[in-house]
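What's counted below: heavy atoms across the whole structure, side chains too, no hydrogens, waters or symmetry copies. The structure presented is a predicted model; accordingly, all values stated were derived computationally and were not measured.
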Amino acid sequence: MEQLRRYGELCRERWGITPLQIFIHRDEGHYGIPNDKTTWKPNYHAHIVWDWMNHDTGKSCKLTPQDMSEMQTILAEALDMERGTAKEQTGREHLERTDYIIAKQKQEAEKARAAKERTEAELKAVKSELKTEKLKNSAVEVGTTILDGIGSMIGTSKVKRQEQEIGRLQHELSTRDKSIEILQTKIQTMQSEHSRELTTMQARHVTEIANMKKQYEKDLSFLQSVVRKALAWFPRFREMLRMDELCRKVGFNDEQTEALIGGKPLRYNGTLYSETYRKRFNAENVIARIASDETNSRKFGLKIDGIPIVRWFREQAERLQHYVQPERNVRGLKM
């Protein structure tokens, strides 16, 4: 059982499928000679019921023929067994165990019937040869009669044995058919149990998701309430949030933004981005600071070298335009 559990763990790690139930059968097998208990050969095997659902995506796991072949290799290694030859190498289609047994028994029955037909044909041929010679003396007739008697005794005995063998094989076939029906019933029962367990797991999964969603909505509502209260208690809090967003948009990093929000002046070298002009402007050795708006004490503004940033961007754009335009005129004169 421990080896099978290890095999189930390996399959879960490899493909994400989980064994729900493992059944080990030790009570099945066959007699090499019917009714001879000394020839009993047990057939130890196990059945595993798998959970094929990926509970992260809600979809079923799909395995390819190569995956199924790899499963057999992993099973052989987990149970310390010899791996069978893959059908890709033999070129033969593999039969299920019960199908193989039935096919084998039908083959043996067919051989017995063929042997019986051959024996009957041989007897018939001998009789025909004796009759076609048209020997009329009584010695030959007596010989024919004796041969008929001997042939009847030998042939009947052999045919009876063959008929008994055929009967035995038919009985075994009938027994196998019943075993197949019992096995199919067990499989249906296992499938029903698996379906019930899967339905239960899915229901539990849906409930867990609903609970998580409910908790998320509760937490979100609480945070929204906290934000509303903070805005009411600290009127400038909303402005500070706006300044935080503005600083990040123009190009200040987290540490620089935090310093500016704290009211500290910041010496800066780099570029600043303007959404209005959709351009980055050089800002060499400038002093950035957040200060109260001169026209509204409840508002804040970001200033560069003491100039509101909107006006600073405009001045930079005009300076760049004046620089580019004369250069174009010079090029025109050269032409």
Exercise for the section: Determine whether the aromatic ring centres of F252 and Y268 lie less than 6.0 Å apart. Expected result: yes
Practice task
Would you please test R242 and E245 for salt bridge (Lys or Arg N to Asp or Glu O under 4.0 Å) and show each step?
Solution key: CA-CA 5 Å; R242 188 176 69 84; E245 182 180 5; over 6 Å; no
Handout entry: E315/R311 salt bridge by N-O under 4.0 Å criterion
Key = yes
Exercise for the section: Look at E9 together with R5 and state whether they make a salt bridge at an N to O cut-off of under 4.0 Å. Expected result: no
Practice task
Apply side chain to side chain donor-acceptor pair (under 3.5 Å) to Q316 and R319, showing your working.
Solution key: CA-CA 5 Å; Q316 300 302 311; R319 186 179 296 111; 3.1 Å; yes
Problem - Crowding at CE, M81 (>12 non-hydrogen neighbours, <6.0 Å) - result: no
Exercise for the section: May I ask you to check whether over 12 heavy atoms, not counting those of E258, lie within 6.0 Å of atom CD? Expected result: no
Taking all heavy atoms of [X] and all of [Y], pick out the closest pair and write down the distance.
X: Y7; Y: A78; value: CB-CB, 4.0 Å
X: C61; Y: W15; value: SG-O, 3.8 Å
X: V250; Y: R280; value: O-NH1, 4.2 Å

Practice task
Scan I22, L20, L75 and name whichever one has a side chain to side chain contact (heavy atoms under 4.5 Å, CB included) with I48.
Solution key: I22
Completion exercise
Separation between CZ (R238) and NZ (K299), nearest 0.5 Å, reads 9.0 Å
Contacts of [X] that satisfy ring-ring contact (aromatic ring centres under 6.0 Å, His included) - sequence neighbours left out:
X: H55; answer: none
X: F300; answer: none
X: H171; answer: none

Exercise for the section: Could you walk me through whether R176 and E172 pass the salt bridge (Lys or Arg N to Asp or Glu O under 4.0 Å) test, one step at a time? Expected result: CA-CA 6 Å; R176 295 299 176 187; E172 289 186 3; 5.8 Å; no
Problem - same_hphob_cluster(V206, Y216) at 4.5 Å side-chain heavy-atom cutoff - result: no
Exercise for the section: Any chance you could lay out the side chain to side chain donor-acceptor pair (under 3.5 Å) test for Q215 and D219, step after step, and finish with the verdict? Expected result: CA-CA 6 Å; Q215 185 62 39; D219 294 342; 3.0 Å; yes
